[in-house]
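Report on the structure given below.
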There are 2 protein chains.
Amino acid sequence: MASLNVGSLGEYIREQRRNAQFSLRQLAEAAGVSNPYLSQIERGLRKPSAEILQQIAKALRISAETLYVQAGILEERREEGLELRVAILADPLINERQKQALLAVYDAFLKENRESGPAPDASPAAED
Amino acid sequence: MASLNVGSLGEYIREQRRNAQFSLRQLAEAAGVSNPYLSQIERGLRKPSAEILQQIAKALRISAETLYVQAGILEERREEGLELRVAILADPLINERQKQALLAVYDAFLKENRESGPAPDASPAAED
DNA sequence: GCAGCGTGCTTGCAATTGCAAGCAGCGCTG
DNA sequence: CAGCGCTGCTTGCAATTGCAAGCACGCTGC
């Protein structure tokens with residue numbers, strides 16, 4: 001169907017498989033799918049269901065979401081600022097007042113950064 | 001296939017459709033799927049692909065991810081407290097100092113809630 | 001050379017997905 | 001009453017998905 005997405009999906013799976021140093025049959029067996037089908041997926045001839053993607057992801061030890069994004073059924077979260085807002089609002093451990101307070105602090109930081117230019121992200125490698 | 005998941009998925013879709021006060025045909029048309037197929041999905045007779053779920057979600061104005069979770073192809077993020085911490089740390093719009101400040105505020109709120117009991121989530125429906 | 005093994009791919013088929021045509025039932029109107 | 005419009009569902013079929021059986025090729029050991 002969406003062969004554009006399937007094309008890059010298949011390439012991505014083949015790349016990850018090679019990174020993991022699995023043969024096609026090894027991955028197919030680990031994933032519980034037939035090896036011809038996996039071959040077809042990698043070459044973009046078939047568009048696998050989400051369940052198959054889940055199985056492949058698990059066998060490759062990568063997140064299923066990664067493959068969903070490649071397949072075009074999940075969007076990468078790219079809306080800047082929105083993701084954290086949504087996460088704050090969705091957090092079950094804090095109440096509404098606290099959520100609003102966090103959002104206010106976040107907004108203040110964004111404003112501060114807009115007025116003083118791009119965030120000088122002094123994020124050191126020590127974070128790792 | 002996984003008719004357990006499909007069962008709850010269909011019920012969920014019907015419920016959301018009724019909440020939106022759409023007839024089956026209206027939603028099917030808005031979603032760009034056939035109305036018999038939507039009927040079958042709601043009754044758990046068919047298991048739709050992620051693409052169809054995406055279309056339905058869009059027509060219902062809910063996130064596709066919500067339906068993916070119902071369908072069992074995506075897991076809910078349940079790690080309490082961790083998701084927001086990760087989101088704060090991953091946000092590209094604020095710097096490290098600001099991130100630490102947000103985390104400190106969040107921690108303070110969690111502590112406050114632990115000492116005063118469960119978060120009295122006065123989250124109103126006004127969020128819709 | 002040949003047999004055996006591993007690799008990736010071809011092919012035909014059964015099951016599933018999604019649709020078009022249409023049915024049955026209900027309420028409303030003239 | 002008949003006709004119309006709306007509702008949700010039935011059914012047969014084409015296309016797609018995923019698999020089993022098996023092919024072609026390269027490499028290795030005898």
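Every chain is numbered from 1, with letters handed out A, B, ... down the list of sequences.
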Base-contact (B) and sugar-phosphate-only (S) positions in nucleotides 8-14 of chain C, heavy-atom cut-off under 4.0 Å, - elsewhere:
BBBB---
Residue pair Ile88(B) / Ile88(A), side-chain heavy-atom distance below 4.5 Å
no
Would you sort out whether Leu60(B) and Asn19(B) count as a side chain to side chain contact (heavy atoms under 4.5 Å, CB included), showing the intermediate values?
CA-CA 10 Å; Leu60(B) 284 171; Asn19(B) 287 345; over 6 Å; no
Please state how far atom CG in Leu38(A) lies from atom P in dT17(D), giving the value in whole angstrom units.
15 Å
Rounded to the Å, how far apart are Ile56(B) CD1 and dC19(C) C1'?
14 Å
Atom CD of Gln55(B) to atom P of dT17(C): distance rounded to whole Å?
16 Å
Atom CD1 of Ile41(B) to atom C1' of dG8(D): distance rounded to whole Å?
14 Å
Tyr37(A) and Ile41(A), any side-chain heavy atoms less than 4.5 Å apart:
yes
Would you call Glu11(A)-Arg43(A) a salt bridge at under 4.0 Å N-O?
no
Using whole Å, what does the distance between atom C1' of nucleotide dT17(C) and atom CD of Glu51(B) come to?
12 Å
Looking at residues at least two apart in the chain, or sitting in another chain, which of them share a side-chain contact (heavy atoms from CB on, under 4.5 Å) with Val33(A)?
Ala28(A), Ala31(A), Leu38(A), Ile52(A), Gln55(A)
Starting at NZ of Lys47(A) and ending at C1' of dT17(C), how long is that distance when rounded to a whole Å?
13 Å
With a 4.0 Å cut-off, would you call Arg18(A) and Glu42(A) a salt bridge?
no
Grab the CG-C1' distance between Leu27(A) and dG6(C) for me, whole Å please.
16 Å
